[in-house]
Amino acid sequence: MTSNTPGSLPETMKAWTFSQSGPPQSTLQLQHIPLPTLSTDTSLLIRVSHVSLHPGTVIMMNLIPSIFRNPSTIAETDFSGVVVSTGKKVPVSRAPNSNRSFPPGTAVFGSIPVPQHLLGSGALAEYVVVDMASVARKPESFTFAEAAGLAVSGSTALDLLDAARLQPEGKVLLNAPCGGIGHFVTQIVADEGAHYIVGVCSGTSADLARDLGCDEVTDYHVLDDGTCLGDSLASRFSGDNAFDAIIDAHGSQHLWHSAPKFLKPGRGHAYTTVGPALGSYTYRAMGDVLKDMVLNKCLPKWMGGVDREYRQVASIVTTEKLERLANLGEAVGMIAYVGGEWAFEDVLQAYEVLISKHAKGKLAIRVWEPSFAELNALAGRSS
């Protein structure tokens, strides 16, 4: 099925797998498993360089019963790496501007689709097989660690911005401007120019928020005088000075319920969000989130609903979004902020930071750091 002979490859690889529901610290095991093989004529075998942790995969790890997924599943979905071999129908031309060709040696980033992940495939391994539709070429300006964080979080950022439909020269409130999703949103909004951006984050993240593009930063903690975030925003941004749009990259119910105090009314001034944040990894908490989703969207004002337009996104990674992200990295200098990097064997330490919900940017796991010699050797296989 391959169009390129990969040379000698190991028969097995190391991977972090889980076979029952629960938190990573108690379910993940580092094991040796068979090397995956090309499954279709459009598949790529990729040697993984870095993996980016994502809260959504932790939710699946905790809450999806084993009857709905493979008995043994490799963790995580987002990765960067280098193409080792390809299916027969994968373009391998080295012509200039051939963005959708993937000869061996090509540096790529991408994400394993959720259905494939539920069948057992995952990124937290030394090799992965995915369809070429699930990857794009790594921006040259990005390190492998940075590129690993692009796919899901970057795609969600694009969906938030597409849904928000920001008007020129508006005042925008960004909740979590330094988070895994939010730090992409901040940069893209700032790059568009003519927006005044107010970020809501912790005081320790204020400098990073400004570096990413926020014009002003406010702390989400209760202030010394006892003023809560909603009242603090209302005291400074109301009436004609209210926000034209709010983008919530974290999912704060408090911010949504307070929005009429500082978000202008009307359909052109929406509250755009990733949806209510999950408080804990329990089925009850998930039920509360689903209930809030429905009420946020449908509960009328006369029954206690919020008198503002609510737009929630549910992002799916597509080839088009991956190419948009690659272009943003090359054309406008968008960065992927890596808030921490861990060795492959230390992945459980990284999960502790992720689950604390205080991570900045993306958290990267270093599986393999390719050298120039190794990249050249891989590239030489298709020449």
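Starting from 1, each residue takes its place in the sequence as its number.
- Between the K297 side chain and the Y310 main chain, a donor and an acceptor come within less than 3.5 Å of each other.
- To the nearest 0.5 angstrom, I365 atom CD1 is 8.5 Å from D346 atom CG.
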Determine, stepwise, if the pair Y281 / L278 fulfils side-chain contact (heavy atoms from CB on, under 4.5 Å). CA-CA 7 Å; Y281 299 111; L278 187 67; 3.9 Å; yes
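- Between A245 and L166 the shortest heavy-atom distance is CB-CD2, 3.5 Å.
- C214 places none of its side-chain heavy atoms less than 4.5 Å from the side chain of V198.
- With respect to K301 and D307, a salt bridge is recorded, a charged nitrogen being found less than 4.0 Å from a carboxylate O.
- For K261 and S238, the side-chain atoms include no donor-acceptor pair closer than 3.5 Å.
- Closest heavy-atom contact between R267 and E309: O-OE1, 2.7 Å.
- Remark: the D159 side chain and the S315 side chain contain an N/O donor-acceptor pair separated by less than 3.5 Å.
- Geometrically, R366 does not engage W342 in a cation-pi contact defined by less than 6.0 Å to the ring centre and at most 45° from the axis.
- Remark: L119 CG is packed, more than 12 non-hydrogen atoms of other residues, nucleotides or ligands lying under 6.0 Å away.
- The structure places OG1 of T156 at 4.5 Å from CD1 of I181, a figure rounded to the nearest 0.5 Å.
- Between the side chains of Q20 and T27, no donor N or O sits under 3.5 Å from an acceptor N or O.
- Heavy atoms of other residues, nucleotides or ligands lying less than 6.0 angstrom from CG of D207 number 12 at most.
- Under the 3.5 Å distance criterion, the side-chain polar atoms of R308 are left unmatched by any main-chain donor or acceptor of W256.
- Judged purely by distance below 3.5 Å, without hydrogens or angles, the side chains of N175 and S252 never pair a donor atom with an acceptor atom.
- Side-chain contact check for V274 versus D248: every heavy-atom pair is 4.5 Å or farther apart.
- The CD atom of Q31 lies 3.5 Å from the OG1 atom of T17; values are rounded to the nearest 0.5 Å.
- For the pair D78/F109, no side-chain contact is recorded, criterion being any heavy-atom separation below 4.5 Å from C-beta on.
- Under a hydrophobic clustering in which Ile, Leu, Val, Met, Phe, Trp and Tyr are joined whenever their side-chain heavy atoms come within less than 4.5 Å, directly or via other members, L208 and Y220 fall into different clusters.
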Go through H195 and D215 one step at a time and tell me if the side-chain contact (heavy atoms from CB on, under 4.5 Å) criterion holds. CA-CA 9 Å; H195 298 296; D215 299 288; over 6 Å; no
Could you please spell out the steps behind the side-chain contact (heavy atoms from CB on, under 4.5 Å) verdict for W16 and I74? CA-CA 6 Å; W16 285 95; I74 302 173; 5.8 Å; no
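- One finds the CG atom of L124 at 12.5 Å from the OG1 atom of T73 (value rounded to the nearest 0.5 Å).
- Note that the CG atom of L35 and the OH atom of Y127 stand 6.5 Å from one another [nearest 0.5 Å].
- Connection of L295 to Y271 is not established within any shared hydrophobic cluster, with ILVMFWY side chains joined at heavy-atom distances below 4.5 Å, either directly or through further cluster members.
- At a cut-off of 3.5 Å, with distance as the only test, a side-chain donor of S101 or R137 sits close to an acceptor on the other residue.
- Annotation for P276 and M293: closest pair CD-CG, 3.7 Å, computed over non-hydrogen atoms.
- Side chains of Q253 and N296: a donor-acceptor N/O pair is present below 3.5 angstrom, by distance only.
- If you chain together hydrophobic residues whose side chains sit under 4.5 Å apart, V84 and I33 fall into the same group.
- Closest non-hydrogen pair, S52 versus A148, comes out as CB-O, 3.2 Å.
- Checked by atom type, the side-chain pair T42/D131 shows a donor-acceptor distance below 3.5 Å.
- Between T186 and V189 there is no side-chain heavy-atom pair separated by less than 4.5 Å.
- Side-chain atoms of S85 and L38, non-hydrogen and from C-beta on, do get closer than 4.5 Å to each other.
- When atom types are taken as modelled, the side chain of H117 and the backbone of P113 share no donor-acceptor pair closer than 3.5 angstrom.
- In this structure, K171 does not pair ionically with D244, as no charged nitrogen and carboxylate oxygen lie closer than 4.0 Å.
- Shown here for A209 and V217, the closest heavy-atom pair between the two residues is CB-CG2, 3.9 Å.
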Start with the C-alpha gap between Y351 and Q349, add the side-chain angles, then the distance that decides, and say whether side-chain hydrogen bond (donor to acceptor under 3.5 Å, both in side chains) holds. CA-CA 5 Å; Y351 274 114; Q349 297 176 20; over 6 Å; no
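- Contact check for L63 versus S21: no side-chain heavy atoms found under the 4.5 Å cut-off.
- With hydrogens and angles ignored, the 3.5 Å screen pairs a side-chain donor or acceptor of Q187 with a backbone N or O of H183.
- Panel note: side chain S232, backbone L229; no donor-acceptor pair is recorded below 3.5 Å.
- Side-chain atoms of S155 and R324 include no donor-acceptor pair closer than 3.5 Å.
- Under a cutoff of 6.0 Å and an axis angle of 45°, K138 and F144 form a cation-pi pair.
- Side-chain polar atoms of S43 and T40 form a donor-acceptor pair below 3.5 angstrom.
- Residues E146 and H50 have side chains that never bring a donor and an acceptor to within less than 3.5 angstrom of each other.
- A donor-acceptor pair under 3.5 Å is absent between the side-chain atoms of S153 and the main chain of L150, judged by distance alone.
- For the residue pair Q116/S121, the side-chain donor-acceptor check at 3.5 Å is satisfied.
- Y283 OH: more than 12 foreign heavy atoms inside a 6.0 Å radius.
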For a side-chain hydrogen bond (donor to acceptor under 3.5 Å, both in side chains) check, start with the C-alpha distance between Y196 and E216, then their side-chain angles and the critical distance, and finish with the verdict. CA-CA 8 Å; Y196 187 82; E216 185 178 336; 2.8 Å; yes
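- In this structure the side chain of L45 reaches within 4.5 angstrom of the side chain of L9, judged on heavy atoms.
- For the pair E126 (side chain) and K14 (backbone), a donor-acceptor distance under 3.5 Å is present.
- For M13 against A125, the heavy-atom pair with the smallest separation is CE-CB, 3.7 Å.
- Between the side chain of S49 and the backbone N or O of W368, at least one donor-acceptor pair lies under 3.5 Å.
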For the pair V172 and I246, evaluate side-chain contact (heavy atoms from CB on, under 4.5 Å) and give the outcome as yes or no after the intermediate values. CA-CA 6 Å; V172 183; I246 296 176; over 6 Å; no
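- Between V129 and S39, the closest side-chain pair of non-hydrogen atoms falls below 4.5 Å.
- In the hydrophobic clustering of this structure, Y337 does not group with V51; members are Ile, Leu, Val, Met, Phe, Trp, Tyr whose side-chain heavy atoms approach within less than 4.5 Å, directly or through other members.
- Atom CG of D162 and atom CZ of R311 lie 11.5 Å apart (nearest 0.5 Å).
- Residues V338 and V367 are members of separate hydrophobic clusters, defined by side-chain heavy-atom contacts under 4.5 angstrom among Ile, Leu, Val, Met, Phe, Trp and Tyr.
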Under the side-chain hydrogen bond (donor to acceptor under 3.5 Å, both in side chains) criterion, do T272 and R165 qualify, and how do the steps go? CA-CA 9 Å; T272 308; R165 301 193 291 273; over 6 Å; no
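- Between the T77 side chain and the V114 main chain, no donor and acceptor come within less than 3.5 Å of each other.
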